[in-house]
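Counting from 1, the numbers follow the sequence of the chain as shown.
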Amino acid sequence: VQLQASGGGLVQAGGSLRLSCAASGRTLSNYAMGWFRQAPGKDREFVVGIGRSGGSTYYADSVKGRFTISRDNAKNTVYLQMNSLKPEDTAVYYCAAAGGSRWYQVRTRGLEYDYWGQGTLVTVSS
């Protein structure tokens, strides 16, 4: 499956952005999905994951209550709504797909994901 992330940009602290991850080549409903991010000079970190059905999610503590993941399997797209953005949210955001997942299973480790998008840069100014 090929993943294309979009929606990044420059936003002031407290603002919002919505990232999209469009999949092609395979049916997205076959995959658990996740968003990761990598800030300059830091390791990649897990942000949020969603199960194949969309009914199960898991958020990193750093974004809980501010970010919302959703998926539209009919459109083969996953979304990340980011509100109340902070300068520390600045990073390249990557979407990823994990095969072999049960319907409600959420993946939280990068090693569990098989396919990765190219990343979209989010910059939050103070």
Nearest 0.5 angstrom please: K86 NZ to S62 OG, how far?
8.5 Å

Would the distance check show the side chain of S56 and the main-chain N or O of Y104 forming a donor-acceptor pair, the cut-off being under 3.5 Å?
yes

Measuring from atom SG of C95 to atom CZ of R71, what distance do you get when rounded to the nearest 0.5 angstrom?
11.0 Å

Would you call Y79 and T68 a side-chain contact if the rule is heavy atoms closer than 4.5 Å?
no

Suppose we screen for side-chain contact (heavy atoms from CB on, under 4.5 Å). Which residues come up paired with A22, at least two apart in sequence or across chains?
T77

Residues passing the ring-ring contact (aromatic ring centres under 6.0 Å, His included) test with Y93, sequence neighbours excluded, are none

Does OH belonging to Y58 count more than 12 external heavy atoms closer than 6.0 Å?
no

Under 3.5 Å, side chain of Q118 to main-chain N/O of Q4, donor-acceptor pair present?
no

Could you work out, with side-chain contact (heavy atoms from CB on, under 4.5 Å) as the rule, every residue matching N83, not counting sequence neighbours?
S16, Q81

For L3 and A97, the nearest pair of non-hydrogen atoms, with its separation, is CD1-N, 3.8 Å

In short, L10 meets S125 closest at the heavy-atom pair CD1-CB, 4.4 Å

The reported gap from CD1 in I69 to SG in C21 (rounded to nearest 0.5 angstrom) is 9.0 Å

Between N73 (side chain) and R52 (backbone), is there a donor-acceptor pair under 3.5 Å?
yes

With clusters defined by side-chain heavy atoms of hydrophobic residues (ILVMFWY) lying less than 4.5 Å apart, directly or transitively, does V48 cluster with Y31?
yes

Taking the side chain as C-beta and beyond, is there a heavy-atom pair between V11 and M82 under 4.5 Å?
no

Report yes if some heavy atom in the side chain of R37 is under 4.5 Å from a heavy atom in the side chain of V122; otherwise report no.
no

From CE (M33) to OG (S70), nearest 0.5 Å
11.5 Å

Non-hydrogen side-chain atoms of F67 and L17 separated by less than 4.5 Å:
no

Decide yes or no for Y113 and F36: does some side-chain heavy atom of the first lie under 4.5 Å from some side-chain heavy atom of the second?
yes

Hydrophobic cluster membership, with links at side-chain heavy-atom distances under 4.5 Å among I/L/V/M/F/W/Y: are V78 and V1 in one?
yes

So if you build clusters from Ile, Leu, Val, Met, Phe, Trp, Tyr with side-chain heavy-atom gaps below 4.5 Å, do W116 and I50 land together?
no

Would you say the side-chain atoms of Y94 and R44 include a donor-acceptor pair closer than 3.5 Å?
no

Report whether Y115 and V106 are members of the same hydrophobic cluster (ILVMFWY, side-chain heavy atoms less than 4.5 Å apart, transitive linking).
no

If Ile, Leu, Val, Met, Phe, Trp and Tyr residues are connected whenever their side-chain heavy atoms lie under 4.5 Å apart, and connections chain through other members, are F46 and L80 in the same group?
no

Crowded around K64 NZ? As in, over 12 foreign heavy atoms under 6.0 Å?
yes

Heavy-atom pair of closest approach, residues A98 and R107:
CB-CG, 3.7 Å

